[in-house]
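As the structure is a computational prediction, the values presented were derived from the model and not from experiment. All ligand and atom numbering here is 1-based and tracks the order in the structure.
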Amino acid sequence: MDLDFPKFEEKTLKFWQENKIFEKLRKKNQGKERWSFLDGPITANNPMGVHHAWGRTYKDLFQRYKAMQGFDQRYQNGFDCQGLWVEVEVEKEKGFKSKKDIEKFGIEKFVEACKQRVLKYSKIQTEQSIRLGQWMDWENSYYTTSDENNYAIWSFLKKCHKKGYLYKGRDSVPWCPRCSTAISQHEILTEEYKEITHRAVYFKLPIVENKNFKNVSFLVWTTTPWTIPANVALAVSPNFQYGLYRNDKEGLILLKDLADKILDDSFKLEKKLTGKSLVSLRYEGPFDDLERVKKARDEKPKTFHTMIDAKDLVTAEEGTGIVHIATGAGAEDFKLGQEKKLPVIDVIDEEAFYLETMGEFTGKNAKEKPEIILDYLKKHKKARFFYKIEDYTHRYPTCWRCKTELVWRAVDEWYISMEELRKYVIETAKKIKWIPSFGLERELDWLKNMHDWLISKKRYWGLALPIFECGKCGNFEVIASKEELKERAVEGWEEFKGHSPHRPWVDNVKIKCSKCQKLMARIPDVGSPWLDAGIVPFSTMGYYSDRGYWQKWFPADLICESFPGQFRNWFYAMIVMSTVLENTNPIKTIFGHASVRDEKDEEMHKSKGNAIWFDEAVEKIGADPMRWMYSKQNPVLNLKFGWKTAEEIKRKLLTLYNCYSFFETYVSKKELTTYNLQLTTSRNLLDRWIISRLNNLIEKVARNLDRYNVSVATLAIEKFFIDDLSLWYVRRSRKRFHPGHKERKEAIETLYYVLLSLTKIIAPITPFFAEEMYSNLRSEDMPESVHLCDWPKVEKEKIDEDLEEKMVAVRDIVTKVLSERAAAGIRVRQPLNKLRIKDKKLKDEKELLELMKEEVNVKRIVFDSKIRKEIELDSKITDELREEGKYREMVRHVNLMRKEMGLTPKDAIIIDSTTSVANLEDFKKETGAEVFNTKEKDKIEGDMKKEIKVDGEKHYIGIKK
Ligand SMILES: [Zn+2]
Ligand SMILES: [Zn+2]
């Protein structure tokens, strides 16, 4: 039977909507014990991909499961709306190349366009989530762009300021020249490093002549030649061994171990030198005549162009052992510069154009045209500084939004200091339960090593940082709320009033400096989007508006997100913000999962063409097979999503559906009303066994879902309905469902009970499929939806471990016998005489032995401890057995033909055959035939005719109604 998932899912969605099932569920659990789930906001910037659906399946699954257990919940979904990711998409839409295009277009119009984009995609994502089967209070989703969220962050920042954490710092930071903004350390994830080949240059910096060094240069190496004009110093490791090498033209100093690799044969070692002996030597640079460089020299004449010792920065593995220090273009360089009082030479602007006072370079782009520096060194009169160029391939960081190679710039940015906070933040992280547990180590690793939190961005669409800075006295102040802003405003309030707290409207407001009384303007920066998401355990739960409500729902019991990336981002932001505000953990448990990849285990990318959008997948596969695939997956491992996998999953779910449709075929709804459907009392062995297995399953699934072990729970259910229910229980019970069987009633009651319970157990995982089966199984007195049912209770007294163990032994023997039969080429329908079993533990289990006899098709089972193997199958086929085997084969074929002709067991038939059967009366009874004729092959009559083969012999059968 085929199962059209998308079709009945649409039907189920309608049923839920028309009958307000979700509303009824919420009402049912209202006021009961609370379970607080906090939704991590999804970026409302594009339609959903299949990777979003993985996380959202978990979120829905946990909430549905908790609802069946009677917990009251908030069901609030969240959208992440502000930040560079939205800006970049709007820029693409409008064909903008840089920030200048945005300013030309107008900030107000641009910000409006960002708002519209977010609205558009939050609507689309809502529709898609509903299609996935996700139950949320969609009318009440939170948006990080809301006034509530933005002002909550203002208040948080004020608190940071009061505690002295907030500061403006100058630092050399990673910078995207396309987006024209700093990229914080958090945002440079491993996956943003790309394999890039740069043209690395070896260049010479002549030592200012003295009595020891005449016509000698330091040999230096860099992979970023555009930074050479920013060079202010060189560094060596004092303990390394260096060498002075000379040919007939000049002398060069570099690390002794690297000399062979770099220098040509004309150079000979003149003398060995320690790194220490080189410290303080002065040198000349190729750009010393640029005005900007001269200015730096004049600022710090003592340290400018000197050799310093910095053993941590120098490696013996690559380069020359002499490190080029550009304080304006590298984070470590900048730090070292502060320590050693080195000058800073800024060389590029926001878009990586060389600044003014840089001679012929001014106005040229350092990243787009890196060759200008190389050409200058090679061709100009500066050739004495040039040694050689080599291609160098390395992993280099790129912008997480636009993939442009990053540069480093020394700029003023705003930070939250981690110095004092760090130890408290670490304590907070430790209070959270991390699943999988390596999450905590990863988070701690980050928290221990991270720098201060860079929170500013020189952009447009985002949190307006509520920092006002005095241009006269340098004082800065932080505004905590809209009310405070109104109170302090001396200018621009009218222009701002009625708008959201965003640029450009809020930029109009000026306040008075409380130190010097001059007018202060807001700094133009916007905030890091991680502030937006980090505040949600407070903002969305009413921390600032309804403290009583907040106390009820905080801390959240669970958040559930894809791990990669979030340690430095959402998790980090929440932990820091919660530590500052309440010094406690905002969540009790963090459940994380890996990423979705394609079938070949490759990362999905729009540009690679292997990304799969949610809409395409759900139309092709249906939501439930996707949900089953996600739920089965070990969350620690990446999920390989593909159509083939989906087909396999569908086949598995079909096994369960076939058990259900078997039941439907044999039992009419009307007949059902005559049975006791709420409990099972059957004493039949197979019935008792499957009920015992079922109760074990219910217990196991609940235990694992309580611990968020979704894959263990899902696999247990799958194993149950394939191995236990389909392959054993239904197969071995089939006969009992035939009309007139003496144990038919018990079989029906039992299978009904199992199927009904299963619909409840799978309801959180595959809500549509469960509803589809439930709606056909339910009787009038049951809830109208499976999702309004309680989680099934475990009936401990029905668990029979002893029976389960024995059944395992039976099935074990069966497997062995069947494989012996297969090895001997004897089909299962051919009866055999005897099976000997060595182990006697099943000797007295009459019922089980009957079961086994039927399954392996033997006349007798004997126990014999003297045999050598575990079992011994008597494979001799007597004439009598052969005849019986033929008989069984005929019965099977007649039944198959009957089915193919669309006849029911009640339709009488006439059979024509070339073969006689030994036991004619039995045969007629078993096939429901009224007449049985033996004829020659050519005379066979029938609406359907068939040739069958038994033991190499051909037989012909015809059937007529
Ligand atoms: Zn960028
Ligand atoms: Zn002032």
Side-chain angles (χ1 to χ4, degrees), residues 43 45-46 82-103 110 114 117 161 166-168 172-194 196 224 226 329 348-353 365-368 396-409 411-414 454 456-462 466-479 488-491 509-523 525-530 565 568-569 605-607:
T43 310
N45 196 26
N46 275 304
Q82 304 182 148
L84 192 51
W85 37 48
V86 183
E87 289 192 43
V88 169
E89 291 295 329
V90 173
E91 283 181 86
K92 265 195 237 162
E93 234 172 61
K94 305 212 177 288
F96 294 168
K97 295 258 163 353
S98 70
K99 273 165 61 168
K100 287 190 198 91
D101 294 333
I102 298 173
E103 309 245 341
F110 182 73
C114 291
R117 182 177 178 89
H161 182 42
L166 195 67
Y167 73 94
K168 180 167 97 170
S172 181
V173 296
W175 185 275
C176 173
R178 200 223 62 92
C179 298
S180 294
T181 187
I183 301 296
S184 76
Q185 188 196 3
H186 315 192
E187 291 162 338
I188 309 177
L189 306 174
T190 342
E191 57 264 36
E192 307 306 346
Y193 281 80
K194 300 275 175 277
I196 293 171
T224 51
W226 68 267
I348 53 171
D349 73 1
E350 291 197 333
E351 292 170 47
F353 287 100
N365 196 286
K367 284 306 284 182
E368 282 162 21
Y396 191 85
T398 61
C399 171
W400 59 281
R401 275 332 297 172
C402 72
K403 309 299 169 201
T404 304
E405 284 179 38
L406 299 183
V407 295
W408 266 254
R409 289 185 72 221
V411 282
D412 288 336
E413 297 288 354
W414 292 83
L454 192 167
S456 53
K457 287 218 178 278
K458 303 203 167 358
R459 296 293 306 187
Y460 308 96
W461 172 234
I467 302 169
F468 287 73
E469 204 177 14
C470 178
K472 188 158 182 256
C473 75
N475 169 41
F476 77 89
E477 295 179 35
V478 178
I479 300 296
R488 299 274 313 264
V490 287
E491 224 177 65
V509 183
K510 305 278 183 309
I511 64 172
K512 219 179 247 174
C513 173
S514 48
K515 291 224 171 103
C516 75
Q517 309 304 313
K518 283 275 171 208
L519 279 193
M520 286 167 112
R522 195 188 73 82
I523 58 165
D525 306 24
V526 296
S528 153
W530 298 110
R568 299 165 169 217
N569 291 320
H605 282 300
K606 264 195 273 181
S607 54

- [ ] Check the pair W530, W85 against ring pair (Phe, Tyr, Trp, His ring centres under 6.0 Å), reporting the backbone distance first and the verdict last.
- [x] CA-CA 12 Å; W530 298 110; W85 37 48; 5.7 Å; yes

Task: Intermediate values then yes/no, salt bridge (charged side-chain N to carboxylate O under 4.0 Å, His left out), E405 and K194 - done: CA-CA 9 Å; E405 284 179 38; K194 300 275 175 277; over 6 Å; no

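At the Zn ion (ligand 2), the vertex angle linking SG of C513 with SG of C473 is 100° (nearest 10 degrees). Rounded to 10°, the angle formed at the Zn ion (ligand 1) by C176 SG and C399 SG is 110°. With the Zn ion (ligand 2) as vertex, C470 SG and C516 SG subtend 100°, rounded to 10°.
Contact check on E351 versus K100 returns a salt bridge, with a Lys/Arg side-chain nitrogen under 4.0 Å from an Asp/Glu carboxylate oxygen. Salt bridge R178/E91: present, at least one basic N to carboxylate O contact under 4.0 Å.
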